[in-house]
Amino acid sequence: MKKFQFVITILGLFALIGLGCGGSSSSTSASTDTDSDSDTTTTENALAAEAYPSDLVITSPTASSSGSALRAALTRTAAVDEPAGEPKTMDVSTEEFKPLPPSEMKENIATILEADSEDGCAFSLYMGAPTGSANCYGPSVNYSNHPNASQQGQNPGLQTASGQLPSGDLGIWTENEASTGEACIAAKLNAQVSEFGAMLDMAINSFASMMCVGKVNDQEPPSEVGEVLDLTEIFEDSGAAPFTVEEATTTREEDTAEGNENFESTLAMSVGMVTEGETVDLSGECTLDHVKLNDDNTLYEGHLTCVMTREVFPGEPTGGCTDPNEDTLTDALSIVYEKATADSLNYEVRKATFCGELTLADVITDGEVNTSGWAGNYHYALFNMDPDTFEGNFEYAWQAGSGDSNTRAFNLSLTEDEAETVSGCGYFGYGPAVTSANLGMIDEFICNWAGPGNSHDGLLKAQRQCITKSATDTEFQSVSANLDIVYAPTNSCDASAGGNFTYTATGTPAGGTPGVSLDRSTATTAVTHDLFLLSNITDFTAPTAPDVD
């Protein structure tokens, strides 16, 4: 079998969780049928109709429509002809990954599933850097004459009265993202979803592409318990997958205790990434366990799990690993999903990085990424939404290291009116560690996370930003009348006049849409925090986790 190699620039080297895909390269229009009662799109792909969650859309609920132009540039590039015996090469975009809006993501999946040629089944691997942050959120802040500097904080080494607060700990600092005018809470949520979105896209689209190739080659889904449909050879030979296909199978498993049909699809792949003449190998395995809850597969539940094991790039930090010379890392992803009714799609996403060469069995328990043993960046999302309107309640939390005491968390609720204007309010604060049963919720707001004399006993409050997006908008806009983000980076969240305590964000780009900024360049006026009481949050309902065995 042929082995693909990818040429990437140094920008993509550290985007290790940024492995993903773009849209289909097919120009074939999606052909769909619509159920007049449920308005649910169905597919002509017989294999997908049995073993794939066709309208499972996992992306940021606040994704910008302007991201579609970027995604369009990420369609599959044809392999370049090489001399006989030489590996194929493929140029891959190194643009930042940006999640697509839900409607566009749904359309992309349908286009792949319903393609009528192997070329139409193709998709791209994405090697660009995840966005990871937003300039309006948590900048580095230079401070002088900090009032808590004389106190013994949780970080005794940080006792200097003047210094710099590190990036990532200060929440919503400016109302809008200056470069786009986008509401900060939307810009940051999009950036965080991009941290796992590319790997997630790769997993979802890989299975869609595999089943598309099966359809094009007239392969029928397995109908008897224990029957295996092996698509490995035709998937590899099709060229639709931009990696070496080592296994691609779908197996009819025993029916569930409730009598529902059960399918397990497995995909194993490998790629070689070439940079500065050196090849870094990556191998992966994904499993899709899919249960039909009704005959036409419009209701379903299941698990999708993936591991990607790779060599550490030259010079890449291996933070959190016991061995500082660790040469292998494993990224693990899990999705638990449930569509029990036509208007209710629930899913839970987990992603983390582990040290060493590990398998699915090592890092996945009961269909979910383990909350112990991970080394870097645990990401968690729990979304309850209507799969047609994409209204719902959304939780997102992330923890920077396994030794950290808290997660950062967003809670958001969105609704759509008859004019197709989507609006709602989002909240940011600190939540429990990833091992907590309440993971995803906001417990408090900590104003002085890493500064001198810092205390992690926060206020029972959160930052609030309400947002709106009309049918003609490309980004969510801030509703300034319902904005509660002001505080001082002190233990009390306030700062008195005088005392010369000042603080100013560094590196914030100029221009863009003006908005509230928390900078304090002079200390002549007191800062009294304006945060939102957790007990007053009535427009957000905590989403429920999928009830899937």
Side-chain angles (χ1 to χ4, degrees), residues 15 18 59-71 95-102 104 128-142 165-198 379 381 394 396 398 408-412 414 421-429 462-470 472-487 489 503-520 530-532:
T59 187
S60 171
T62 58
S64 167
S65 298
S66 61
S68 60
L70 167 65
R71 233 1 157 41
E95 297 280 353
E96 288 186 339
F97 178 89
K98 295 181 181 179
L100 279 178
E104 294 183 34
T131 305
S133 191
N135 291 317
C136 59
Y137 171 92
S140 298
V141 170
N142 292 331
L165 302 175
S167 63
D169 299 330
L170 294 166
I172 300 172
W173 194 257
T174 305
E175 179 180 9
N176 301 307
E177 183 73 340
S179 60
T180 63
E182 185 176 19
C184 188
I185 200 166
K188 181 57 178 175
L189 183 57
N190 297 343
Q192 285 304 128
V193 169
S194 80
E195 291 287 348
F196 66 75
H379 298 272
F394 310 91
Y396 184 93
W398 70 102
R408 282 81 166 157
F410 283 112
N411 294 168
L412 172 69
L414 293 175
T421 295
V422 180
S423 60
C425 292
Y427 304 87
F428 170 78
Q463 289 184 312
R464 177 181 71 155
Q465 184 171 35
C466 297
I467 56 178
T468 186
K469 180 174 179 280
S470 72
T472 57
D473 287 335
T474 57
E475 288 103 6
F476 277 88
Q477 306 298 310
S478 177
V479 180
S480 298
N482 295 323
L483 183 69
D484 301 278
I485 65 171
V486 174
Y487 72 96
Y503 46 91
T504 306
T506 66
T508 302
T513 302
V516 173
S517 173
L518 303 192
D519 285 3
R520 190 191 198 206
D530 175 25
L531 300 171
F532 201 80

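As the structure is a prediction and not an experimental result, all values here were calculated from the model. Note: hydrogens, waters and symmetry copies are ignored here, and every other heavy atom, side chains too, is used.
- If you take CD on E475 and OG1 on T180, they are separated by 5.0 Å, rounding to the nearest 0.5 Å.
- For the atom pair SG of C184 and CG of N176, the computed distance is 8.0 Å after rounding to the nearest 0.5 Å.
- Within the model, atoms OG1 of T504 and CG of L518 stand 11.0 Å from one another, a figure rounded to the nearest 0.5 Å.
- Under the 4.5 Å side-chain criterion, counting only non-hydrogen atoms from C-beta, P61 is in contact with L189.
- A donor and an acceptor atom, one from each side chain of N135 and W173, are nowhere located under 3.5 Å apart.
- Every residue meeting the side-chain contact (heavy atoms from CB on, under 4.5 Å) condition with A381, not counting sequence neighbours, appears here in chain and number order: F196, V349, F383, Y396.
- Scanning for side-chain hydrogen bond (donor to acceptor under 3.5 Å, both in side chains) contacts around N142 gives Q164, with sequence neighbours left out.
- Two residues are said to be in side-chain contact when any heavy atoms from C-beta on lie closer than 4.5 Å; Y137 and Q192 fail this criterion.
- Note that OG of S60 and NZ of K188 are 12.0 Å apart. Values are rounded to the nearest 0.5 Å.
- When atom types are taken as modelled, the side chain of Q465 and the backbone of I185 share a donor-acceptor pair closer than 3.5 angstrom.
- Residues satisfying the ring-ring contact (aromatic ring centres under 6.0 Å, His included) test with F410, not counting sequence neighbours, are W398, F428.
- The backbone N or O of P102 sits nowhere less than 3.5 Å from a side-chain atom of E104 that would complete a donor-acceptor pair.
- Listed by chain and number, the residues in a salt bridge (Lys or Arg N to Asp or Glu O under 4.0 Å) with R464 are D484 (sequence neighbours excluded).
- A distance-only check finds a donor-acceptor pair linking the side chain of Y487 to the backbone of L170 [under 3.5 Å].
- In this structure, L412 CG and C466 SG are separated by 10.0 Å, a value rounded to the nearest 0.5 Å.
- Taken to the nearest 0.5 Å, the OG atom of S517 stands 8.0 Å off from the CD1 atom of I485.
- Counting only distance, with no hydrogens or angles, the side chain of S140 and the backbone of T506 share no donor-acceptor pair below 3.5 Å.
- Taking Y427 as the reference, D539 meet the side-chain hydrogen bond (donor to acceptor under 3.5 Å, both in side chains) condition, with sequence neighbours excluded.
- When all heavy atoms of V479 and T468 are compared, the pair lying nearest together is CG2-CG2, 4.1 Å.
- For the side-chain contact (heavy atoms from CB on, under 4.5 Å) test with E182, the passing option among T62, N190, I467 is N190; the others fail.
- By the side-chain contact (heavy atoms from CB on, under 4.5 Å) test, S480 pairs with E175, S478, sequence neighbours left out.
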